[in-house]
Protein chains: 2
Amino acid sequence: MDEIIERIEKELRESGKKSSRTRRKVIEVFFSCGGHLSVEDLYREVKQRYPDIGYVTVYRTLKVLEELGYATSLDVGDGSTRFETALRQHHDHLICTVCGRIYEFFEPEIEVLQNLVARKNDFRILDHTLHIFGICKECQK
Amino acid sequence: MDEIIERIEKELRESGKKSSRTRRKVIEVFFSCGGHLSVEDLYREVKQRYPDIGYVTVYRTLKVLEELGYATSLDVGDGSTRFETALRQHHDHLICTVCGRIYEFFEPEIEVLQNLVARKNDFRILDHTLHIFGICKECQK
DNA sequence: CTTCCTGCAAAGGATTTGCAACGGC
DNA sequence: GCCGTTGCAAATCCTTTGCAGGAAG
């Protein structure tokens, strides 16, 4: 946990930015929460532990993390952007339209097929998102 | 073309809505354009042929079409929602991050694998979106 | 002491809503 | 005539920006 933050702070400095106390706190909360948080969600968590930190700072910190590659934004179609930590292996999402929960999966075969499709179309892949919307196990009961 | 509009108008009436001249015009333009239009795009097209139609009506008409299943919204990550006609077979998208062009593809194997993933997770699929971002053939030159 | 960061308020863009007039059935 | 639709303006939601003060290097 601390190593991650230190690595990020090091990269921040290397890219001409600064590592402030405030920013460190936001990053710390973000990584300790872990889920698929909206800015709103993260702000709420941050506020609880550090009441003096403002909304805009959370936004800007997430943006910086995304630039450095430590956060990934995803659009689940509910109007607000979600962010997740980008330290783990690539994965895709099962999104429950009833409760909003987000589950992750990784299917190597699908990845392979995507590359195939790209090659067939002379398309150079930079990124991809696969979102499966539906009803999760819990909500089917 | 006309059959489609008539089918939609019939469904509109059946679902307690109405089929007005204005709405018909918007629907007509939407289907004649065909691409992956933003509300802005469609509004511009509509305005050109029927200057009296308002922005909000385009929004609302697209929403109605989506409800009835004749339009699908997709988020390509550029801030505004795109809409496409939903009469064709399901397909996924290659989105060029340089020129913004959107290409379509369909890979049955991927569909099968998605169903497999869902089954493994006891997840009932309602829908899915697979967006591959990258650089298209044209823009690689 | 220069540059970046912070927090507030204010601006911005996309989308939705309230409301009075209008149009379909 | 009743109820959905239209168009305008205003409101709303999420996100970004301007700016003055504060902190980092």
Side-chain angles (χ1 to χ4, degrees), chain A residues 5-6 8-30 36-44 46-47 49-68 71-83 100, chain B residues 5-6 8-30 36-44 46-47 49-68 71-83 100:
Chain A
I5 296 184
E6 266 156 47
I8 294 173
E9 299 202 309
K10 187 162 159 280
E11 275 194 45
L12 275 171
R13 270 176 257 115
E14 283 169 2
S15 64
K17 298 181 194 308
K18 281 166 185 169
S19 62
S20 70
R21 286 120 186 277
T22 310
R23 195 169 267 178
R24 188 191 175 92
K25 287 172 188 164
V26 176
I27 296 174
E28 169 210 320
V29 175
F30 178 57
H36 303 86
L37 302 160
S38 66
V39 178
E40 187 67 36
D41 294 335
L42 182 55
Y43 176 63
R44 217 179 301 116
V46 167
K47 205 72 186 173
R49 302 194 216 173
Y50 308 106
D52 296 343
I53 298 178
Y55 203 88
V56 183
T57 301
V58 175
Y59 257 100
R60 288 196 266 227
T61 304
L62 283 170
K63 207 175 162 189
V64 169
L65 285 177
E66 196 179 10
E67 278 168 26
L68 293 182
T72 308
S73 62
L74 57 148
D75 196 308
V76 298
D78 71 340
S80 68
T81 309
R82 306 296 186 89
F83 289 85
Chain B
I5 296 183
E6 265 157 46
I8 295 173
E9 299 203 308
K10 186 163 159 280
E11 274 194 46
L12 275 171
R13 271 176 258 115
E14 284 169 0
S15 65
K17 298 180 194 310
K18 279 164 187 170
S19 61
S20 68
R21 287 121 185 277
T22 311
R23 194 169 269 179
R24 187 191 176 92
K25 287 172 187 163
V26 177
I27 295 174
E28 170 210 320
V29 175
F30 178 56
H36 303 86
L37 302 160
S38 65
V39 177
E40 186 67 36
D41 294 335
L42 182 55
Y43 176 65
R44 218 179 300 117
V46 167
K47 204 72 185 175
R49 301 194 218 174
Y50 307 106
D52 296 342
I53 297 178
Y55 202 87
V56 183
T57 301
V58 174
Y59 256 100
R60 288 195 266 226
T61 304
L62 283 170
K63 207 174 161 191
V64 169
L65 284 178
E66 196 179 9
E67 278 169 26
L68 292 182
T72 309
S73 62
L74 57 147
D75 195 308
V76 298
D78 72 340
S80 67
T81 310
R82 306 296 187 87
F83 289 85

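None of the values given here were measured: they were computed from a predicted structure. Proteins come first, then strands; the chains are lettered A, B, ... in the order of their sequence lines, and each starts at number 1.
- Using a 4.0 Å cut-off between charged nitrogen and carboxylate oxygen, E28(B) and R24(B) do not count as a salt-bridge pair.
- One can place CG of L42(A) at 12 Å from P of dT15(D), the figure rounded to the nearest angstrom.
- Distance CD (E67(A)) to C1' (dC5(C)): 14 Å, rounded to an integer number of Å.
- Rounded to an integer number of Å, the gap from R24(B) CZ to dG24(C) C1' is 14 Å.
- For the helix from dC1(C)-dG25(D) to dC25(C)-dG1(D), the angle separating the two terminal helix axes comes to 30°, with each axis derived from five pairs and the value rounded to 10°.
- Between the C1' atom of dT6(D) and the OH atom of Y50(B) lies a distance of 17 Å, rounded to the nearest Å.
- Contact record, F30(B) with A71(B): CE2-CB, 3.9 Å, taken as the closest heavy-atom pair.
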Show each protein N/O and nucleotides 7-10 of chain D N/O combination with a separation under 3.5 Å, one pair to a line.
{"unit_1": "dG7(D)", "atom_1": "OP1", "unit_2": "D52(B)", "atom_2": "O", "d": "2.7"}
{"unit_1": "dG7(D)", "atom_1": "OP2", "unit_2": "G54(B)", "atom_2": "N", "d": "3.0"}
{"unit_1": "dG7(D)", "atom_1": "OP2", "unit_2": "T57(B)", "atom_2": "OG1", "d": "2.3"}
{"unit_1": "dG7(D)", "atom_1": "N7", "unit_2": "R60(B)", "atom_2": "NH2", "d": "2.7"}
{"unit_1": "dG7(D)", "atom_1": "O6", "unit_2": "R60(B)", "atom_2": "NH2", "d": "3.0"}

Checklist line | Intermediate values then yes/no, side chain to side chain contact (heavy atoms under 4.5 Å, CB included), E11(B) and I8(B) | finding: CA-CA 5 Å; E11(B) 274 194 46; I8(B) 295 173; 5.7 Å; no

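- K17(A) and R23(A) make their closest contact through CB-NH1, 4.1 Å (heavy atoms, listed as atom of the first residue, atom of the second, distance).
- Following rounding to the nearest Å, K63(A) (NZ) and dC4(C) (C1') show an atom-to-atom distance of 15 Å.
- Between atom OG1 of residue T81(A) and atom CD of residue E66(A) there is a gap of 8.5 Å, rounded to the nearest 0.5 Å.
- By the 4.5 Å heavy-atom criterion applied to side chains, V26(A) and L65(A) are not counted as neighbours.
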Output a table of nitrogen or oxygen pairs between the protein and nucleotides 22-25 of chain D separated by less than 3.5 Å.
{"unit_1": "dA24(D)", "atom_1": "OP1", "unit_2": "R21(A)", "atom_2": "NE", "d": "2.6"}
{"unit_1": "dA24(D)", "atom_1": "N3", "unit_2": "K18(A)", "atom_2": "NZ", "d": "3.2"}

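- Contact between S19(B) and R13(B) at its shortest, heavy atoms only, is OG-NE, 3.5 Å.
- In terms of heavy-atom proximity, S73(B) sits nearest to F83(B) at CB-CE2, 3.7 Å.
- In this structure, OG1 on T61(A) lies 8.0 Å from CD1 on I53(A), to the nearest 0.5 angstrom.
- In this structure the side chain of I5(A) reaches within 4.5 angstrom of the side chain of E9(A), judged on heavy atoms.
- Taking each heavy atom of L68(B) and S15(B) in turn, the nearest pair found is CD2-OG, 4.2 Å.
- Between the CG atom of D41(A) and the P atom of dC13(D) there is a distance of 16 Å, rounded to whole Å.
- The interatomic distance linking Y59(A) (OH) with dA9(C) (C1') rounds to 16 Å, in whole Å.
- Put simply, CG on D78(B) is 12 Å from C1' on dG13(C), counting in whole angstrom units.
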